Amino acid sequence: DTKVDEDEDEDGDEIKDGSEETIPSHLNDDVVYNEWLSGLFDRDSWTEYLQTWAPAVVIGRARLGGIPCGIIATETRTTTHVIPPDPALEDESTEVSFSQPGQVWYPDSAFKTSQAIRDFKCEDLPLFILANWRGFSGGQRDMFHQILKFGSYIVDELADYKQPVFIYLPPTAELRGGAWVVLDSLINDRVIEMYAAEGSKANVLEPTGTVGLKYRKKSLLKTMHRIDPQLIGLDERLKKVEKLSPNDKNTINDIRKEIENRERGLFPIYNKIALMYAQLHDTPQRMKDVNVVKNVVQWRNSRRYFYWRLRRKLITNAAINDIVKDMSLNEIDWKQAQRKFDEWVVKQYNDDVQDEDETKADKDKDIIKSNDEVIYDDKTFVEWYQTQNKGFNQFRVSLQQESIEDKLQGLVNRFKGDKKQLQEIFQKLMQNKTNESSSSDDQIVNID
């Protein structure tokens with residue numbers, strides 16, 4: 001694999017792997033610059049396919065630090081969907097075309113997305129989804145063309161994906177409505193991780209919809225009367241007049257008109273404040289605080305971050321798959337294997353790295369932490385794990401031994417004979433194993 005930052009300078013700011021970012025230091029209006037500006041993946045590695053079908057979604061393959069990946073991205077521009085005429089109906093059939101705004105999933109683009117995920121799964125490629133969708137198109141024509149079915153296909157393919165999946169919201173991107181539902185990391189929490197860049201927004205409802213449901217006019221009026229000094233004074237004045245002079249209808253009506261005029265003047269201001277309050281729930285930091293996204297990754301650092309994160313996920317996934325086999329577990333019990341792997345990482349890393357505060361380490365000894373918590377930096381984890389191949393192989397052998405012991409114990413418990421018969425069975429099995437080993441050794445000697 002090509003390391004993304006193997007030739008970093010002393011500050012670690014520059015990438016020298018062929019996709020470095022070149023920015024002219026002195027801009028001149030008379031000079032036209034055609035310099036390469038690096039993006040998320042390796043230079044000249046992007047290859048798009050199925051370009052003319054469902055152009056509302058862009059799919060292709062690229063490399064990240066030399067690692068092949070599948071990419072699904074959003075087309076933010078308006079595209080044209082063309083239905084060709086039927087040659088069998090010369091007089092009645094004509095070509096039909098209509099525009100499709102960007103950032104929306106349509107029946108064809110949703111099916112294209114699910115088909116791309118399936119293709120990448122068959123190739124065992126890690127998947128990057130650069131999410132920027134505001135939802136699914138739900139018009140009558142789209143419902144007739146089975147938008148719900150093709151949208152559910154995306155969930156089905158993600159639920160069965162085996163390689164790491166990174167859902168990343170680039171700067172200024174939005175993820176709303178049904179698009180959020182089909183890309184939720186809980187669909188397959190073993191492999192799917194969601195990240196957001198600064199300036200991105202995500203929520204099931206847009207701020208206007210949130211305000212319309214959670215902060216309606218009645219709630220806004222209640223807030224006005226609680227905060228605005230003039231309305232507070234008018235409310236007190238109205239109560240006083242209604243108590244002392246309940247028959248003075250003119251004065252009471254005048255006060256109520258003043259209150260209505262004040263409410264009418266304040267409503268647009270308070271409505272904007274409510275929208276801003278709802279928008280604060282869509283920020284990347286808020287999404288991280290409620291554990292919707294794993295981390296906030298700046299766009300300029302995304303390439304290096306995702307390279308090391310991808311290598312770490314590939315390592316941990318392979319290790320968990322090996323442990324599942326060693327422990328003879330079902331695939332749905334992968335969390336048990338992950339717990340074993342985390343325990344091994346905690347033990348080995350604490351043995352290799354001596355913490356300054358050993359007393360604190362002793363107190364937390366019985367607490368099982370994930371490997372992400374023990375070694376937070378992905379690069380540090382990858383470099384450390386590469387020195388632990390021998391130790392991990394020994395750990396796997398011990399797990400295999402425990403698994404075999406458990407199986408044998410189960411067989412012994414179900415055996416109805418006496419102890420002597422059981423010993424004869426084990427002696428016979430060991431004798432067969434010895435004969436097989438000796439015969440294989442003789443074959444090797446004869447070949448030599």
Side-chain angles (χ1 to χ4, degrees), residues 1-2 39-76 79 81-82 100 102-133 136-137 142 145-170 173 175 178-195 302-303 306-307 309-311 313-314 317-318 320-321 331 334:
D1 293 341
T2 304
L40 183 58
F41 300 98
D42 296 353
R43 184 175 183 176
D44 297 332
S45 68
W46 164 255
T47 302
E48 183 179 357
Y49 79 106
L50 299 177
Q51 186 173 2
T52 57
W53 173 45
V57 169
V58 180
I59 60 176
R61 298 171 179 83
R63 294 191 303 273
L64 178 58
I67 304 174
C69 303
I71 294 89
I72 298 175
T74 313
E75 176 58 82
T76 58
T79 58
H81 182 72
V82 178
Q100 294 179 333
Q103 297 179 268
V104 178
W105 259 316
Y106 299 94
D108 56 347
S109 57
F111 183 52
K112 179 180 179 180
T113 303
S114 64
Q115 191 65 41
I117 297 174
R118 173 175 291 188
D119 293 343
F120 297 146
K121 179 180 67 177
C122 294
E123 300 173 21
D124 286 333
L125 292 179
L127 176 61
F128 281 84
I129 300 177
L130 304 181
N132 189 9
W133 286 282
F136 286 86
S137 179
D142 299 311
H145 288 111
Q146 309 175 76
I147 181 68
L148 296 178
K149 183 178 77 171
F150 294 132
S152 66
Y153 283 176
I154 300 175
V155 179
D156 295 339
E157 298 301 334
L158 287 177
D160 197 37
Y161 211 83
K162 305 300 182 184
Q163 297 298 325
V165 179
F166 298 100
I167 301 173
Y168 183 49
L169 278 67
L175 191 62
W180 175 280
V181 175
V182 301
L183 295 180
D184 198 319
S185 58
L186 296 178
I187 294 172
N188 189 350
D189 56 346
R190 178 181 175 181
V191 300
I192 300 178
E193 293 182 348
M194 185 177 290
Y195 298 87
S302 60
R303 173 175 163 77
F306 284 119
Y307 169 75
R309 187 65 191 173
L310 175 58
R311 291 194 60 183
K313 289 293 292 183
L314 291 173
N317 279 5
I320 292 173
N321 289 335
E331 288 190 5
W334 63 270

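For clarity, every value in this text was computed on a predicted model and none was experimentally measured.
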Inset, instruction - Would you please say whether a donor-acceptor pair under 3.5 Å links the side chains of Y195 and R309? - result: yes
Interatomic distance, CD@E75 vs OG@S109, rounded to 0.5 Å, equals 11.0 Å
**Flag side-chain contact, heavy atom, 4.5 Å: W334 against N321** = no
* Asked: Side chains of H145 and F150: closer than 4.5 Å at any heavy-atom pair?
  -> no
List the steps and the verdict of side-chain contact (heavy atoms from CB on, under 4.5 Å) for L314 and I67.
CA-CA 11 Å; L314 291 173; I67 304 174; 4.3 Å; yes
Value for CG (L175) from CG (N132), rounded to nearest 0.5 Å, stands at 8.5 Å
query = Would a 4.5 Å heavy-atom cut-off, applied to side chains only, mark Q115 and I154 as touching?
reply = no
(request) Decide yes or no for L158 and N188: does some side-chain heavy atom of the first lie under 4.5 Å from some side-chain heavy atom of the second? (result) no
I'd like a table of donor-acceptor pairs (distance under 3.5 Å, sequence neighbours excluded) in which one partner is a side-chain atom from residues 45-52, with atom names and distances.
from : atom 1 : to   : atom 2 : distance (Å)
S45  : OG     : D42  : O      : 2.7
S45  : OG     : R63  : N      : 3.2
Y49  : OH     : D119 : OD2    : 3.3

Would you call D124 and K162 a salt bridge, using N to O less than 4.0 angstrom? no
**Asked** Does any N or O in the side chain of K112 come within less than 3.5 Å of the main-chain N or O of A54, such that one atom is a donor and the other an acceptor?
**Response** yes
- With a 4.5 Å heavy-atom cut-off, do W53 and F111 have their side chains touching? yes
Closest heavy-atom pair, V104 versus A56, reported as atoms and distance to 0.1 Å, is O-CB, 4.3 Å
Heavy-atom nearest pair, L40 first then S302, reads CD1-OG, 3.5 Å
(Q) Measuring only between side-chain heavy atoms, which start at C-beta, is S114 closer than 4.5 Å to V155? (A) no
On a heavy-atom basis, the closest approach of P107 and I147 is N-CD1, 3.4 Å
Can you list the steps and then say if T74 with V58 is a side-chain contact (heavy atoms from CB on, under 4.5 Å)? CA-CA 6 Å; T74 313; V58 180; over 6 Å; no
Residues P68 and P126: closest non-hydrogen pair is O-CD, 3.3 Å
Margin query: When you compare the side chains of W105 and T113, does any donor N or O come within less than 3.5 Å of an acceptor on the partner?
Written below: yes
Value for CG (D108) from OG1 (T79), rounded to nearest 0.5 Å, stands at 8.0 Å
One should read off an interatomic distance between E193 CD and I167 CD1, to the nearest 0.5 angstrom, of 10.0 Å
Taken to the nearest 0.5 Å, the spacing of W133 CH2 from Q103 CD works out to 10.5 Å
Would a line drawn from the ring center of Y168 to the ring center of F306 be shorter than 6.0 Å?
yes
Any side-chain donor near an acceptor of the partner, R311 and Y307, under 3.5 Å = yes
Checklist line | Non-hydrogen side-chain atoms of F136 and L148 separated by less than 4.5 Å | finding: no
Rounded to the nearest 0.5 angstrom, the CD-CZ distance for Q163 and F120 is 13.0 Å
request  = May I have the step-by-step check of side-chain contact (heavy atoms from CB on, under 4.5 Å) for L127 and I72, ending in yes or no?
outcome  = CA-CA 8 Å; L127 176 61; I72 298 175; 4.0 Å; yes
Of all heavy-atom pairs linking P170 and A131, the shortest is CD-O, 3.5 Å
Test L310 against C69 for side-chain contact (heavy atoms from CB on, under 4.5 Å), laying out the working first. CA-CA 10 Å; L310 175 58; C69 303; 3.8 Å; yes
| request: Count the heavy atoms belonging to other residues, nucleotides or ligands that lie under 6.0 Å from CZ of R190, then report whether that count exceeds 12. | output: yes
Exercise. Are F166 and I129 close enough that some pair of their side-chain heavy atoms sits under 4.5 Å apart?
Worked result: no
